[in-house]
Amino acid sequence: MKAVVLVGGEGTRLRPLTETIPKPLIPVMDRAFLDHVLDHLARHGISEAILSSPYLQDTFAPFIAARAGAAPTIIWLTESSPLGTGGAIVNALDHLPADEPVFALNGDILTDLDLTAMLAYHREKRASVTISLTRVEDARPFGLVPTDGEGRVFEFLEKPAEPIPGEVNAGTYVLDPKVLHGFARGEPLSIEREIFPAIIADGRPVFGFLSRGYWMDLGTPEKYLQGHADILEGKVEGLRYPAPWVSPAATVDINAHLGRWVAIGPDAVVEASSTLEDSVVLAGARIGAGARLDRTIVGPNAEVGPGATLSGCVLGEGSSVPDGLDLIDARVGSRATAQAQS
């Protein structure tokens with residue numbers, strides 16, 4: 001069984017972290033998020049994953065090399081320009097089987113979706129496409145995907161203007177590759193706005209698979225932090241970590257205070273009398289003595305000076321916060337030094 005994992009986005013909502021790290025390679029707990037995605041695929045029998053991205057493409061090579069010998073096998077396709085969610089899948093057609101379904105999925109979704117059950121549902125319905133759905137209380141960021149009594153999808157609705165609950169596209173699909181033939185290769189395409197509507201208009205059966213499993217788009221700092229908290233709380237099946245989580249390779253002073261929903265990456269240093277709540281500190285970062293962090297992401301090798309206070313902040317790779325500086329909802333670019341807020 002094969003899967004196309006969509007990893008080509010630039011992750012603009014997670015900047016400045018994604019100025020130097022592609023969103024799929026940003027760590028979640030002890031590993032790149034893409035590691036968790038691929039391990040989830042392997043648990044459901046996916047033997048080969050096809051990836052492509054023109055954004056920071058060279059950064060994927062060490063990741064792929066480190067996974068050598070682990071399932072699923074990775075096939076990397078060069079993508080000279082962004083092809084979008086649909087174009088990337090169409091571009092992989094030469095590597096997909098002609099007569100059996102494949103998975104396609106967004107590489108920035110934290111989920112424990114039962115892929116085995118979804119594939120069985122796809123075959124039972126004799127579907128051309130099956131779209132995973134999840135129910136949310138506010139569908140405004142997503143748009144609604146209505147289904148009939150049999151689960152068939154006949155349209156995609158625009159994002160509602162008011163907050164209403166409903167079932168939305170959860171970003172994992174089962175596709176019969178033959179339905180993608182006829183779409184232009186090498187050109188940008190949206191699977192949601194172009195490919196799926198065309199398949200539906202052609203009368204082919206498209207079904208929705210409603211999952212009650214965990215689902216979170218990690219595309220914003222708030223959702224990235226929430227995903228860590230949910231993992232630490234044990235909400236994501238297959239991922240178990242003690243709360244707070246401290247890498248065995250990190251150094252945390254005995255007099256530092258770590259709240260329950262905190263994760264500290266390898267080679268990070270947290271000095272005495274510092275306080276961290278609802279925060280993530282990535283590899284090699286240093287938190288100075290007496291610093292206070294709340295709802296903050298500290299990028300790799302970034303430094304927070306002694307006595308600094310950060311709330312709702314994101315620090316890019318190699319950035320620094322001077323001693324005693326107070327920051328609220330700040331974004332500090334990669335290798336930049338934070339300035340006092342006016």
Side-chain angles (χ1 to χ4, degrees), residues 1-6 36-37 39-41 43-46 85-86 89 100-177 179-180 190-219 223 226-227 230-231 233-239:
M1 188 89 191
K2 297 188 178 186
V4 180
V5 184
L6 302 172
H36 296 293
V37 173
D39 288 350
H40 182 225
L41 292 176
R43 286 194 290 269
H44 289 273
I46 309 301
T85 54
I89 302 171
E100 66 177 60
V102 300
F103 280 98
L105 59 147
N106 294 339
D108 57 1
I109 302 297
L110 177 63
T111 184
D112 53 17
L113 172 66
D114 188 339
L115 300 176
T116 302
M118 185 177 177
L119 178 60
Y121 177 87
H122 176 84
R123 287 172 166 155
E124 174 192 340
K125 294 292 186 179
R126 300 180 182 271
S128 293
V129 175
T130 299
I131 302 169
S132 65
L133 304 178
T134 191
R135 185 169 181 82
V136 297
E137 293 306 311
D138 182 359
R140 284 178 299 174
F142 309 103
L144 294 165
V145 183
T147 58
D148 66 11
E150 298 298 319
R152 188 159 179 171
V153 178
F154 288 98
E155 62 178 334
F156 286 76
L157 299 181
E158 296 293 331
K159 297 177 181 179
E162 300 297 327
I164 60 172
E167 296 169 7
V168 301
N169 177 0
T172 299
Y173 319 112
V174 184
L175 308 164
D176 286 348
V179 304
L180 300 175
S190 166
I191 197 168
E192 304 91 347
R193 294 189 298 274
E194 296 174 88
I195 291 181
F196 287 162
I199 292 172
I200 291 171
D202 196 38
R204 296 179 182 269
V206 175
F207 281 83
F209 177 77
L210 180 61
S211 171
R212 305 294 182 186
Y214 182 89
W215 180 88
M216 180 73 71
D217 176 350
L218 298 187
K223 296 299 186 183
Q226 184 63 53
D230 290 343
I231 291 171
E233 197 171 341
K235 290 184 176 180
V236 187
E237 186 176 343
L239 298 181

Taking all atoms of both residues into account, what is the closest heavy-atom pair of [X] and [Y], and its distance?
{"X": "Val145", "Y": "Asn169", "value": "CG2-N, 3.7 Å"}
{"X": "Ala139", "Y": "Leu144", "value": "CB-CD2, 3.5 Å"}
{"X": "His122", "Y": "Thr130", "value": "ND1-OG1, 2.8 Å"}
{"X": "Ala117", "Y": "Asp114", "value": "N-OD1, 3.0 Å"}

Audit row: Leu119, Met1, side-chain contact (heavy atoms from CB on, under 4.5 Å) steps and yes/no: CA-CA 11 Å; Leu119 178 60; Met1 188 89 191; 3.8 Å; yes

Donor-acceptor contact below 3.5 Å, side chain Tyr121 vs main chain Gly208: yes

Exam field: side chain Trp215 to backbone Ala170, donor-acceptor pair closer than 3.5 Å: yes

All N/O donor-acceptor pairs, side-chain side in residues 100-108, below 3.5 Å, sequence neighbours left out:
from, atom 1, to, atom 2, distance (Å)
Asp108, OD2, Lys23, NZ, 2.7

Quick one: pull up [atom1] in [X] and [atom2] in [Y] and give me the separation to the nearest 0.5 Å.
{"X": "Glu124", "Y": "Phe209", "atom1": "CD", "atom2": "CZ", "value": "10.0 Å"}
{"X": "Ile109", "Y": "Met216", "atom1": "CD1", "atom2": "CE", "value": "10.0 Å"}
{"X": "Asp217", "Y": "Gln226", "atom1": "CG", "atom2": "CD", "value": "13.0 Å"}
{"X": "Leu180", "Y": "Ile199", "atom1": "CG", "atom2": "CD1", "value": "6.0 Å"}
{"X": "Lys235", "Y": "Asp112", "atom1": "NZ", "atom2": "CG", "value": "12.0 Å"}

More than 12 heavy atoms of other groups within 6.0 Å of Glu155 CD: yes

Crowding at CD, Glu150 (>12 non-hydrogen neighbours, <6.0 Å): no

pair [X]-[Y]: side-chain heavy atoms closer than 4.5 Å:
{"X": "Ser132", "Y": "Met118", "answer": "yes"}
{"X": "Asp176", "Y": "Val129", "answer": "no"}
{"X": "Ile89", "Y": "Leu6", "answer": "yes"}
{"X": "Thr134", "Y": "Thr111", "answer": "no"}
{"X": "Tyr214", "Y": "Leu110", "answer": "yes"}
{"X": "Lys125", "Y": "Pro205", "answer": "no"}
{"X": "Arg135", "Y": "Pro165", "answer": "yes"}
{"X": "Leu41", "Y": "Val5", "answer": "yes"}

Candidate pair Val168 and Leu133, rule side-chain contact (heavy atoms from CB on, under 4.5 Å), full reasoning: CA-CA 5 Å; Val168 301; Leu133 304 178; over 6 Å; no

Residue pair Glu192 / Thr85, side-chain donor-acceptor N/O under 3.5 Å: yes

Side chain to side chain donor-acceptor pair (under 3.5 Å) contacts touching residues 193-203 (sequence neighbours left out): Asp202-Arg204

His40-His44 aromatic ring centre distance below 6.0 Å: yes

side-chain contact (heavy atoms from CB on, under 4.5 Å) partner of Ile131, the single match among Val206, Leu175, Leu210: Val206

Test ring-ring contact (aromatic ring centres under 6.0 Å, His included) applied to Phe207 - qualifying residues, sequence neighbours left out: none

